[in-house]
2 protein chains.
Amino acid sequence: MITIKEVAHHAGVSMSTVSYVLSGKRSISEETKRRVEQSIVALGYHPNAGARALASNRSRVVGLVVPLHSDQNLPIIMRFVSSIVARARDHDYDVLLLTKEAGPGEAHRVIARSMADAIVVMDVESADPRVPELRAVDAPVVLLGVPDDHEGLSCLDLDFTAAGRQLAGHLADRGHRSIALIGSPPPVYERGTSFAARLLAGFQGETAKRGVLTSVHSCAAGYDAVSGCLDDVLHPDRGTTGLVVHNEAVLGPLLLELRRRSLDVPGDLSVITLCPDDVAATLPVPLTSIAVPAEELGAIAVEMVMARLGRELAPEVRLLQPLLTDRGSTAVR
Amino acid sequence: MITIKEVAHHAGVSMSTVSYVLSGKRSISEETKRRVEQSIVALGYHPNAGARALASNRSRVVGLVVPLHSDQNLPIIMRFVSSIVARARDHDYDVLLLTKEAGPGEAHRVIARSMADAIVVMDVESADPRVPELRAVDAPVVLLGVPDDHEGLSCLDLDFTAAGRQLAGHLADRGHRSIALIGSPPPVYERGTSFAARLLAGFQGETAKRGVLTSVHSCAAGYDAVSGCLDDVLHPDRGTTGLVVHNEAVLGPLLLELRRRSLDVPGDLSVITLCPDDVAATLPVPLTSIAVPAEELGAIAVEMVMARLGRELAPEVRLLQPLLTDRGSTAVR
DNA sequence: AACCACGTTCGAAGCGCTTCGATTCAATTC
DNA sequence: GAATTGAATCGAAGCGCTTCGAACGTGGTT
């Protein structure tokens with residue numbers, strides 16, 4: 001193993017000089033810097049992370065708590081993870097993988113052992129049992145998702161309430177007087193997944209304000225569940241003309257089933273959804289949708305963490321405003 | 001921060017004694033052990049990972065290279081990751097997340113910096129460009145997937161050749177004389193994903209031996225692609241009576257489309273596949289299938305890594321034998 | 001009684017790095 | 001020309017842990 005000592009010797013300088021070349025924390029002459037950098041390359045030097053962490057009290061690692069067992073929206077989770085890893089690497093940070101299933105003690109463990117400098121927690125729920133323990137973690141913590149009791153914690157999410165309003169408003173603007181919301185399966189609501197409840201609240205607030213009739217349907221994945229749900233949604237008594245879908249897994253089957261029933265989108269039924277842009281765009285019928293900006297959320301999460309690594313910073317809740325893309329799947333009544 | 005020194009003082013012993021209590025590398029009297037353990041709990045001591053790594057030259061971390069951008073079989077990838085993290089934690093190891101996309105240099109970097117003691121690489125392809133660099137990594141490396149040139153590397157995978165044989169054989173045994181294989185989309189083959197090619201080889205070997213007619217179809221995801229593919233598969237000239245599907249993403253649409261065409265499984269068409277057991281079991285029609293034993297593969301990968309951490313061990317290629325579960329989706333002709 | 005062996009424990013030397021004065025030397029200032 | 005500054009560099013003290021050799025009883029051998 002090549003150590004900083006050998007680099008120093010090779011370059012004819014002291015260890016501290018090499019260290020300062022590497023960190024840039026003190027000014028070093030161009031000439032010396034060049035020589036040191038050459039030696040580093042020549043010897044193939046890589047600083048030892050443990051020694052560095054020990055001496056500097058910084059691990060340059062963030063712990064990421066991921067819900068690996070979640071079967072729901074895996075693609076979105078992956079996008080988050082991917083974006084967080086990439087942005088962390090931009091800051092020369094690595095990512096330690098912690099699983100939600102392994103329990104909240106994991107976050108505390110890696111911080112207490114100085115394995116990580118900060119924690120990012122994905123998939124935070126309304127009444128998330130991990131919240132108290134996370135609050136006690138002695139390091140910056142950023143939650144993706146906003147728990148009910150988020151005092152003292154930094155959270156980040158899409159503004160689902162605004163999204164619910166916007167989806168409802170978009171249809172109401174186009175003259176729809178009876179709109180159905182197809183949401184996640186019952187377990188998601190029971191689990192208190194905050195985003196589902198918040199979107200619903202926004203949706204109902206807006207429709208109430210506009211005097212639009214609504215029906216709300218919790219729909220499981222699977223073709224039969226979707227078909228059954230559609231029977232309910234399209235019951236003639238309702239007069240449903242617009243559909244808000246907040247459940248990525250049913251989009252494909254839903255559109256298929258509509259086609260099977262010879263219902264045209266948007267001719268017979270307007271459909272609007274919330275899902276990643278590329279999903280919305282590659283469905284059998286491209287759907288007007290609000291994007292889930294996973295990459296952006298991941299990037300902001302990392303920014304929030306990095307900002308809190310240096311100085312003490314007040315906790316904040318950041319809600320990204322939803323962005324709706326019109327793909328022509330809604331018609332004017 | 002509580003250090004080992006404070007624990008030692010609190011327990012009235014030396015630092016080294018505390019260390020030996022923790023590591024168990026020397027015998028310690030029950031009495032002392034008890035006192036030390038009490039002090040550890042009382043003070044809330046957590047060993048500093050950096051110091052530990054520096055002194056012991058062991059990080060207790062494995063680097064895991066994950067294809068985060070892969071859109072194919074995300075659920076399987078997650079299962080692997082999940083199982084690897086869990087099994088690594090069983091050994092008191094943590095997992096550092098490296099992305100395939102960030103390039104092969106990442107594995108070398110984390111090893112050279114002593115951030116990890118070993119590397120596990122997922123989603124290895126036939127002519128994987130990362131292989132040469134992985135071979136040069138100065139630490140145990142285990143590949144999930146078998147590249148063509150795997151000399152000197154330890155690899156682990158399902159025996160896809162045997163799986164192909166077994167799937168074909170299962171249908172041939174039941175009297176099918178014309179079998180179609182629906183595989184992954186063309187890009188997967190072009191990329192040289194070894195498992196696709198190996199399954200195909202096994203399939204063709206077996207069918208040739210049995211004198212069974214075959215047709216091979218590369219099918220993209222999406223309902224229209226599936227429908228088009230079925231038109232081809234079911235062309236009357238072929239007389240296809242059995243279907244081997246090696247493409248998890250098309251299973252749902254395929255079964256739907258068969259239903260739409262009023263074709264009964266297995267009455268009109270026998271279908272058999274290779275996918276995770278729970279996927280096969282929860283489809284509209286449960287399918288006889290060979291399981292992708294993700295949990296088991298992950299566990300074995302971790303075992304292989306751990307075995308190689310202590311002593312020098314020869315590289316080996318381990319191929320798990322496929323296990324077929326009959327769910328009644330194939331009929332006798 | 002001197003010896004050895006063994007189980008337990010201690011002390012101290014690092015592991016490779018960062019960082020804080022201290023030092024040197026040349027350029028500026030009065 | 002002495003004093004002051006500031007840039008560039010060095011030396012050494014840790015960071016918190018593991019681990020090796022030594023030391024210390026205690027009990028059994030000879």
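In what follows, every heavy atom counts, from backbone to side chain, and hydrogens, waters and symmetry copies are set aside.
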Ignoring hydrogens and angles, answer whether the base of dT19(C) and the side-chain atoms of Arg26(A) contain a donor-acceptor pair closer than 3.5 Å. no
Nucleotide dT18(D), atom P - distance to CZ of Arg113(A) in whole Å: 10 Å
Please work out which residues in residues 28-38 of chain A have a non-hydrogen atom less than 4.0 Å from an atom of DNA chain C and list them by number. none
Is any NZ, NE, NH1 or NH2 atom of the basic residue among Asp117(A) and Arg308(A) found under 4.0 Å from an Asp or Glu carboxylate oxygen of the other? no
Those residues of residues 39-46 of chain B lying under 4.0 Å from DNA chain C by at least one heavy atom: none
Send over the distance from Ile2(A) CD1 to dC15(C) P, rounded to a whole Å. 15 Å
Atom NZ of Lys25(B) and atom C1' of dT19(D): how far apart are they, to the nearest Å? 8 Å
The bend of the helix from dA1(C)-dT30(D) to dC30(C)-dG1(D), taken between the axes of its five terminal pairs at each end and rounded to 10°, is 60°
Let me know the distance between CZ of Arg52(A) and C1' of dT19(C), rounded to the nearest Å. 14 Å
For atom CE of Met1(A) and atom P of dG14(C), their distance in whole Å: 18 Å
Any side-chain donor paired with an acceptor under 3.5 Å for Thr32(B) and Ser29(B)? yes
Can you check side chain to side chain donor-acceptor pair (under 3.5 Å) on Thr17(A) and Ser14(A), steps first, answer last? CA-CA 5 Å; Thr17(A) 300; Ser14(A) 70; 3.1 Å; yes
Roughly how many Å is it from CG in Asn48(B) to P in dG14(D), rounded to a whole number? 18 Å
List the residues meeting side-chain hydrogen bond (donor to acceptor under 3.5 Å, both in side chains) with Asp94(B), not counting sequence neighbours, and say none if there are none. Arg109(A)
Residues passing the salt bridge (Lys or Arg N to Asp or Glu O under 4.0 Å) test with Arg34(A), sequence neighbours excluded, are Glu31(A)
Please state how far atom CG in Asn57(B) lies from atom P in dT18(D), giving the value in whole angstrom units. 13 Å
Does a salt bridge link Glu125(A) with Arg130(A), judged by any charged N lying under 4.0 Å from a carboxylate O? no
Identify, residue by residue, the members of residues 3-24 of chain A with a heavy atom below 4.0 Å from DNA chain C, and return them in order of residue number, or none. Thr3(A), Ile4(A), Met15(A), Ser16(A), Ser19(A), Tyr20(A)
